[in-house]
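Below you'll find the structure, written out as C-alpha coordinates, and then a few comments.
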Amino acid sequence: MPELPEVETVRRGIAPYLIGQQVVRIVVRQPRLRWPVPKELIMGLPGQVFQGVERRAKYLLLPTDVGTAIFHLGMTGRLRILSAGTPYEKHDHIDLALADGHCLRFNDRRRFGALLWTTEAPERHPLLQALGPEPLDEGFSGAWLHQRAQGRKLAVKPFIMDHHIVVGVGNIYACESLFAARISPLRPAGQVTLAEYERLAQAIREILGEAIHQGGTTLRDFVSGEGQPGYFQQQLCVYACYRRPCRICGESIDRCRLGQRSTYYCSRCQR
DNA sequence: ACTGGCTCCTGAGGGC
DNA sequence: TGCCCTCAGGAGCCAG
(Lines give C-alpha, C1' and ligand atoms only; values in the text may rest on other atoms or scores of the structure.)
Protein backbone atom coordinates (compact mmCIF):
# COMPACT_ATOMS: atom_id res chain seq x y z
CA MET A 1 0.00 0.00 0.00
CA PRO A 2 1.87 3.04 -1.20
CA GLU A 3 2.12 5.87 1.29
CA LEU A 4 4.27 8.94 0.81
CA PRO A 5 7.63 7.15 1.32
CA GLU A 6 6.61 4.49 -1.17
CA VAL A 7 5.57 7.07 -3.74
CA GLU A 8 8.85 8.93 -3.22
CA THR A 9 10.74 5.65 -3.65
CA VAL A 10 8.90 5.00 -6.91
CA ARG A 11 9.63 8.57 -8.05
CA ARG A 12 13.34 8.17 -7.47
CA GLY A 13 13.34 4.79 -9.16
CA ILE A 14 11.62 5.83 -12.37
CA ALA A 15 12.92 9.40 -12.75
CA PRO A 16 16.25 8.51 -14.41
CA TYR A 17 14.42 6.50 -17.05
CA LEU A 18 11.83 9.16 -17.84
CA ILE A 19 13.49 12.56 -17.74
CA GLY A 20 14.27 13.74 -21.27
CA GLN A 21 12.47 10.74 -22.78
CA GLN A 22 9.81 11.09 -25.43
CA VAL A 23 6.56 9.17 -25.15
CA VAL A 24 6.06 7.43 -28.48
CA ARG A 25 2.85 5.55 -27.69
CA ILE A 26 0.27 5.06 -24.98
CA VAL A 27 -1.62 1.81 -24.55
CA VAL A 28 -4.68 1.81 -22.29
CA ARG A 29 -6.03 -1.69 -21.77
CA GLN A 30 -8.34 -0.70 -18.91
CA PRO A 31 -9.49 2.93 -18.85
CA ARG A 32 -11.79 2.45 -15.84
CA LEU A 33 -9.57 3.42 -12.95
CA ARG A 34 -10.61 5.65 -10.03
CA TRP A 35 -11.50 8.10 -12.75
CA PRO A 36 -11.52 7.30 -16.47
CA VAL A 37 -8.21 7.97 -18.20
CA PRO A 38 -8.87 11.33 -19.92
CA LYS A 39 -9.08 11.42 -23.70
CA GLU A 40 -7.05 14.61 -23.60
CA LEU A 41 -4.13 12.65 -22.13
CA ILE A 42 -4.42 9.86 -24.69
CA MET A 43 -4.43 12.49 -27.44
CA GLY A 44 -1.97 14.93 -25.90
CA LEU A 45 0.81 12.86 -24.36
CA PRO A 46 2.26 10.93 -27.33
CA GLY A 47 5.14 12.87 -28.87
CA GLN A 48 5.84 14.82 -25.69
CA VAL A 49 9.06 14.70 -23.66
CA PHE A 50 9.05 14.36 -19.88
CA GLN A 51 10.73 17.41 -18.36
CA GLY A 52 10.81 16.00 -14.83
CA VAL A 53 9.37 13.51 -12.38
CA GLU A 54 8.01 15.27 -9.33
CA ARG A 55 5.83 14.44 -6.37
CA ARG A 56 3.16 16.37 -4.50
CA ALA A 57 1.62 14.42 -1.61
CA LYS A 58 1.04 10.95 -3.08
CA TYR A 59 0.63 12.28 -6.61
CA LEU A 60 3.41 11.71 -9.13
CA LEU A 61 3.70 14.59 -11.59
CA LEU A 62 5.21 14.06 -15.03
CA PRO A 63 5.41 17.46 -16.72
CA THR A 64 5.83 17.97 -20.45
CA ASP A 65 5.83 21.13 -22.55
CA VAL A 66 2.08 20.95 -23.18
CA GLY A 67 0.67 19.38 -20.02
CA THR A 68 1.36 17.28 -16.96
CA ALA A 69 0.45 13.62 -16.48
CA ILE A 70 -0.58 12.89 -12.89
CA PHE A 71 -0.42 9.38 -11.46
CA HIS A 72 -1.93 8.27 -8.16
CA LEU A 73 -1.16 4.72 -7.07
CA GLY A 74 -4.21 4.31 -4.84
CA MET A 75 -3.98 1.15 -2.77
CA THR A 76 -2.29 -1.31 -5.07
CA GLY A 77 -0.84 0.72 -7.95
CA ARG A 78 2.62 -0.10 -9.29
CA LEU A 79 4.77 1.71 -11.82
CA ARG A 80 7.63 -0.20 -13.34
CA ILE A 81 10.20 0.39 -16.05
CA LEU A 82 10.30 -2.53 -18.46
CA SER A 83 11.76 -3.32 -21.84
CA ALA A 84 9.42 -2.73 -24.75
CA GLY A 85 7.67 -5.94 -25.67
CA THR A 86 7.56 -7.38 -22.16
CA PRO A 87 4.34 -9.43 -22.18
CA TYR A 88 1.60 -7.84 -20.16
CA GLU A 89 -0.02 -9.61 -17.26
CA LYS A 90 -3.22 -9.35 -15.30
CA HIS A 91 -4.01 -5.79 -14.11
CA ASP A 92 -1.33 -4.23 -16.36
CA HIS A 93 -3.66 -1.40 -17.34
CA ILE A 94 -1.48 1.23 -19.03
CA ASP A 95 1.83 1.36 -20.92
CA LEU A 96 3.73 4.49 -21.85
CA ALA A 97 6.19 3.41 -24.54
CA LEU A 98 9.36 5.53 -24.57
CA ALA A 99 11.62 6.44 -27.47
CA ASP A 100 14.61 4.53 -26.04
CA GLY A 101 12.76 1.21 -25.99
CA HIS A 102 11.75 1.25 -22.36
CA CYS A 103 8.15 1.21 -21.21
CA LEU A 104 6.53 2.68 -18.10
CA ARG A 105 3.86 0.19 -17.08
CA PHE A 106 1.03 0.89 -14.64
CA ASN A 107 -0.41 -2.13 -12.83
CA ASP A 108 -3.25 -1.73 -10.33
CA ARG A 109 -5.10 -4.74 -9.01
CA ARG A 110 -7.87 -2.85 -7.22
CA ARG A 111 -8.02 0.11 -9.62
CA PHE A 112 -8.13 2.73 -6.87
CA GLY A 113 -5.33 4.50 -8.69
CA ALA A 114 -5.62 7.11 -11.42
CA LEU A 115 -3.90 8.69 -14.38
CA LEU A 116 -4.95 12.29 -15.00
CA TRP A 117 -3.90 15.13 -17.23
CA THR A 118 -3.76 18.87 -16.76
CA THR A 119 -2.62 21.64 -19.06
CA GLU A 120 -2.46 24.11 -16.16
CA ALA A 121 0.10 24.31 -13.40
CA PRO A 122 -0.44 20.97 -11.62
CA GLU A 123 -0.72 22.59 -8.18
CA ARG A 124 -3.91 24.26 -9.47
CA HIS A 125 -5.53 20.96 -10.39
CA PRO A 126 -8.71 20.50 -8.29
CA LEU A 127 -7.26 17.44 -6.56
CA LEU A 128 -4.04 19.23 -5.60
CA GLN A 129 -4.98 22.84 -4.98
CA ALA A 130 -6.34 22.47 -1.42
CA LEU A 131 -3.63 20.12 -0.10
CA GLY A 132 -1.86 20.88 3.17
CA PRO A 133 1.92 21.15 3.59
CA GLU A 134 4.40 18.39 2.83
CA PRO A 135 5.45 16.81 6.15
CA LEU A 136 9.15 17.18 5.32
CA ASP A 137 8.88 20.84 4.32
CA GLU A 138 9.30 24.00 6.38
CA GLY A 139 5.59 24.82 6.47
CA PHE A 140 4.81 21.79 8.61
CA SER A 141 5.22 22.04 12.38
CA GLY A 142 3.61 21.25 15.71
CA ALA A 143 2.33 24.82 15.85
CA TRP A 144 0.63 24.35 12.48
CA LEU A 145 -1.12 21.18 13.67
CA HIS A 146 -2.11 22.82 16.94
CA GLN A 147 -3.54 25.85 15.19
CA ARG A 148 -5.54 23.78 12.71
CA ALA A 149 -6.88 21.53 15.49
CA GLN A 150 -8.52 24.31 17.48
CA GLY A 151 -12.13 23.38 18.22
CA ARG A 152 -11.92 20.07 16.35
CA LYS A 153 -13.62 17.12 18.03
CA LEU A 154 -12.41 14.63 15.42
CA ALA A 155 -9.97 12.05 16.82
CA VAL A 156 -6.34 13.05 16.34
CA LYS A 157 -5.56 10.06 14.12
CA PRO A 158 -8.05 10.81 11.32
CA PHE A 159 -7.14 14.48 11.84
CA ILE A 160 -3.50 13.93 10.83
CA MET A 161 -4.64 11.70 7.96
CA ASP A 162 -6.66 14.61 6.49
CA HIS A 163 -4.76 15.94 3.47
CA HIS A 164 -5.95 19.45 4.09
CA ILE A 165 -3.98 19.35 7.35
CA VAL A 166 -0.83 17.56 6.19
CA VAL A 167 -0.32 15.31 3.20
CA GLY A 168 1.11 11.85 2.96
CA VAL A 169 0.33 10.49 6.42
CA GLY A 170 -1.50 7.27 5.65
CA ASN A 171 -2.78 4.67 8.03
CA ILE A 172 0.51 2.92 8.78
CA TYR A 173 2.50 6.06 9.50
CA ALA A 174 -0.33 7.69 11.44
CA CYS A 175 -0.33 4.73 13.82
CA GLU A 176 3.46 4.66 14.11
CA SER A 177 3.81 8.43 14.56
CA LEU A 178 1.22 8.55 17.34
CA PHE A 179 2.98 5.69 19.10
CA ALA A 180 6.33 7.47 18.85
CA ALA A 181 4.76 10.66 20.21
CA ARG A 182 2.97 8.70 22.99
CA ILE A 183 -0.42 10.18 22.04
CA SER A 184 -3.60 8.09 22.02
CA PRO A 185 -5.13 7.99 18.51
CA LEU A 186 -8.57 8.38 20.13
CA ARG A 187 -7.96 11.83 21.66
CA PRO A 188 -10.04 14.66 20.16
CA ALA A 189 -7.68 16.69 17.97
CA GLY A 190 -8.64 19.94 19.71
CA GLN A 191 -7.57 18.61 23.11
CA VAL A 192 -4.01 17.68 22.13
CA THR A 193 -1.58 20.26 23.53
CA LEU A 194 0.97 22.29 21.60
CA ALA A 195 3.82 20.38 23.27
CA GLU A 196 2.24 17.10 22.19
CA TYR A 197 1.79 18.35 18.63
CA GLU A 198 5.48 19.33 18.59
CA ARG A 199 6.33 15.74 19.50
CA LEU A 200 3.89 14.45 16.89
CA ALA A 201 5.23 16.66 14.09
CA GLN A 202 8.77 15.58 14.94
CA ALA A 203 7.70 11.90 14.94
CA ILE A 204 6.00 12.27 11.55
CA ARG A 205 9.11 13.90 10.07
CA GLU A 206 11.46 11.28 11.50
CA ILE A 207 9.34 8.25 10.64
CA LEU A 208 8.55 9.38 7.09
CA GLY A 209 12.18 10.36 6.57
CA GLU A 210 13.42 7.02 7.84
CA ALA A 211 10.83 5.13 5.78
CA ILE A 212 12.03 6.92 2.64
CA HIS A 213 15.60 6.06 3.59
CA GLN A 214 14.59 2.38 3.96
CA GLY A 215 12.84 2.36 0.57
CA GLY A 216 9.26 2.28 1.83
CA THR A 217 7.28 -0.33 3.69
CA THR A 218 6.50 -3.69 2.12
CA LEU A 219 3.21 -4.90 3.50
CA ARG A 220 1.60 -7.33 1.11
CA ASP A 221 2.90 -6.19 -2.24
CA PHE A 222 4.73 -2.87 -2.46
CA VAL A 223 7.75 -2.80 -4.73
CA SER A 224 9.61 0.20 -6.06
CA GLY A 225 9.84 1.21 -9.70
CA GLU A 226 12.78 -1.13 -10.08
CA GLY A 227 10.98 -4.03 -8.42
CA GLN A 228 12.77 -3.83 -5.06
CA PRO A 229 10.78 -4.41 -1.87
CA GLY A 230 11.01 -1.93 0.99
CA TYR A 231 12.46 -2.74 4.36
CA PHE A 232 10.71 -0.39 6.76
CA GLN A 233 8.18 -3.04 7.82
CA GLN A 234 10.85 -4.49 10.07
CA GLN A 235 10.61 -1.33 12.17
CA LEU A 236 6.86 -1.18 12.70
CA CYS A 237 6.06 -0.87 16.43
CA VAL A 238 2.26 -1.05 16.46
CA TYR A 239 0.83 -1.34 12.94
CA ALA A 240 -0.34 -4.92 12.29
CA CYS A 241 1.01 -5.85 15.74
CA TYR A 242 -2.35 -6.65 17.35
CA ARG A 243 -1.94 -8.59 20.62
CA ARG A 244 1.82 -8.57 20.33
CA PRO A 245 3.70 -7.05 23.29
CA CYS A 246 4.54 -3.34 23.16
CA ARG A 247 8.26 -2.82 22.54
CA ILE A 248 8.37 -0.21 25.29
CA CYS A 249 6.21 -1.52 28.14
CA GLY A 250 5.21 -5.07 27.16
CA GLU A 251 1.49 -4.32 27.25
CA SER A 252 -0.52 -6.09 24.54
CA ILE A 253 -1.02 -3.85 21.47
CA ASP A 254 -4.66 -2.86 21.12
CA ARG A 255 -6.74 -2.36 17.99
CA CYS A 256 -9.91 -0.43 17.16
CA ARG A 257 -11.72 1.07 14.18
CA LEU A 258 -11.41 4.81 13.72
CA GLY A 259 -12.96 6.41 10.67
CA GLN A 260 -13.38 2.96 9.11
CA ARG A 261 -9.63 2.27 9.46
CA SER A 262 -7.83 -0.26 11.59
CA THR A 263 -6.00 1.59 14.34
CA TYR A 264 -3.23 0.03 16.41
CA TYR A 265 -1.89 1.50 19.67
CA CYS A 266 -0.50 0.79 23.11
CA SER A 267 -3.09 1.83 25.70
CA ARG A 268 -0.40 2.17 28.38
CA CYS A 269 2.23 4.19 26.46
CA GLN A 270 -0.22 6.35 24.50
CA ARG A 271 -2.39 8.72 26.52
C1' DA B 1 -17.85 24.08 9.00
C1' DC B 2 -17.53 19.40 10.64
C1' DT B 3 -18.29 14.69 10.81
C1' DG B 4 -19.32 10.05 9.77
C1' DG B 5 -20.59 6.82 6.35
C1' DC B 6 -20.51 5.16 1.59
C1' DT B 7 -18.20 3.95 -2.53
C1' DC B 8 -15.02 2.18 -6.00
C1' DC B 9 -12.14 -2.83 -6.56
C1' DT B 10 -9.84 -7.53 -6.08
C1' DG B 11 -7.70 -11.09 -3.52
C1' DA B 12 -6.52 -13.27 0.85
C1' DG B 13 -8.03 -15.88 4.52
C1' DG B 14 -11.32 -18.16 7.59
C1' DG B 15 -15.30 -21.18 8.43
C1' DC B 16 -17.93 -24.98 7.13
C1' DT C 1 -12.08 -28.95 -3.01
C1' DG C 2 -15.16 -25.29 -3.09
C1' DC C 3 -18.17 -21.75 -1.78
C1' DC C 4 -19.42 -17.75 0.78
C1' DC C 5 -18.40 -14.20 3.90
C1' DT C 6 -15.44 -10.56 5.78
C1' DC C 7 -11.72 -7.63 5.62
C1' DA C 8 -8.10 -4.57 3.77
C1' DG C 9 -7.92 0.51 2.47
C1' DG C 10 -6.91 6.10 -0.39
C1' DA C 11 -9.68 9.54 -0.70
C1' DG C 12 -13.54 11.89 -3.00
C1' DC C 13 -18.26 12.65 -2.24
C1' DC C 14 -22.51 13.48 0.10
C1' DA C 15 -26.01 13.81 3.68
C1' DG C 16 -27.06 15.41 8.16
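Lettering of chains follows the sequences in order, A, B, ..., and the numbering in each one begins at 1.
One finds the CZ atom of Arg268(A) at 15.0 Å from the OG atom of Ser184(A) (value rounded to the nearest 0.5 Å).
Per the geometry, CZ belonging to Arg78(A) stands 13 Å off C1' belonging to dG11(B), to the nearest Å. Atom CG of Asp108(A) and atom P of dG9(C) are 16 Å apart (whole Å). Going from atom CD of Glu89(A) over to atom P of dG11(B) covers 13 Å, rounded to whole Å. Straight-line distance from the CG atom of Leu131(A) to the P atom of dG10(C): 15 Å, rounded to whole Å. Regarding Tyr242(A), its OH atom lies at a distance of 19 Å from the P atom of dG13(B), rounded to whole Å. Between Arg34(A) atom CZ and dC13(C) atom P there is a gap of 7 Å when expressed in whole angstrom units. In this structure, Trp35(A) places its CH2 atom 9 Å from P of dA11(C), rounding to the nearest Å. Look at CG on Leu127(A): it is 6 Å from P on dG12(C), rounded to the nearest Å.
Contact annotation: His163(A) side-chain N/O to dA11(C) OP1/OP2 distance is under 4.0 Å. A close approach under 4.0 Å does occur between a side-chain nitrogen or oxygen of Tyr239(A) and OP1 or OP2 of dG9(C). Remark: Lys90(A) is in phosphate contact with dG11(B), judged by side-chain N or O atoms under 4.0 Å from OP1 or OP2. OP1 and OP2 of dT7(B) both lie 4.0 Å or more from every side-chain N or O belonging to Arg111(A). Taking only side-chain nitrogens and oxygens, Arg110(A) never comes nearer than 4.0 Å to OP1 or OP2 of dC8(B). Using a 4.0 Å cut-off, some side-chain N or O of Arg152(A) falls inside it from OP1 or OP2 of dT3(B). Proximity of Ser262(A) to the phosphate of dG9(C): a side-chain N or O atom is located under 4.0 Å from OP1 or OP2. Residue His72(A) places none of its side-chain N or O atoms closer than 4.0 Å to OP1 or OP2 of dG10(C). Using a 4.0 Å cut-off, no side-chain N or O of His164(A) falls inside it from OP1 or OP2 of dA11(C).
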Are there any protein N/O atoms within less than 3.5 Å of an N/O atom in nucleotides 4-6 of chain B, and if so, which ones and at what distance?
from: dG5(B); atom 1: OP2; to: Gln260(A); atom 2: OE1; distance (Å): 3.4
from: dG5(B); atom 1: N7; to: Gln260(A); atom 2: NE2; distance (Å): 3.2

Inset, instruction - Go through the steps to decide whether Leu115(A) and Val28(A) satisfy the test side chain to side chain contact (heavy atoms under 4.5 Å, CB included), and finish with yes or no. - result: CA-CA 11 Å; Leu115(A) 173 57; Val28(A) 179; over 6 Å; no
Inset, instruction - Begin from the C-alpha positions of Lys90(A) and Asn107(A) and carry the test side-chain hydrogen bond (donor to acceptor under 3.5 Å, both in side chains) through to its verdict. - result: CA-CA 8 Å; Lys90(A) 205 173 182 185; Asn107(A) 174 293; over 6 Å; no
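Using a distance-only test at 3.5 Å, with no hydrogens or angles considered, no donor-acceptor pair links the side chain of Arg34(A) to the main chain of His72(A).
Contact check on Arg29(A) versus Asp95(A) returns a salt bridge, with a Lys/Arg side-chain nitrogen under 4.0 Å from an Asp/Glu carboxylate oxygen. Using a cutoff of 4.0 Å between basic side-chain nitrogens and carboxylate oxygens, Arg182(A) and Glu196(A) are not scored as salt-bridged. Ion pairing between Arg80(A) and Asp92(A) holds under the 4.0 Å rule for side-chain N and carboxylate O.
For His91(A), counting side-chain heavy atoms from C-beta on, the closest listed nucleotide (dA8(C), dG11(B), dG10(C)) is dG11(B).
Per the stacking criterion (ring centres < 5.5 Å, plane angle < 30°), Phe112(A) does not stack onto the base of dA11(C).
Relative orientation of the Phe71(A) and Phe106(A) rings is tilted, given thresholds of 30° and 60° on the angle between their planes.
If you check every strand for non-hydrogen atoms under 4.0 Å, Tyr59(A) touches sugar and phosphate atoms only.
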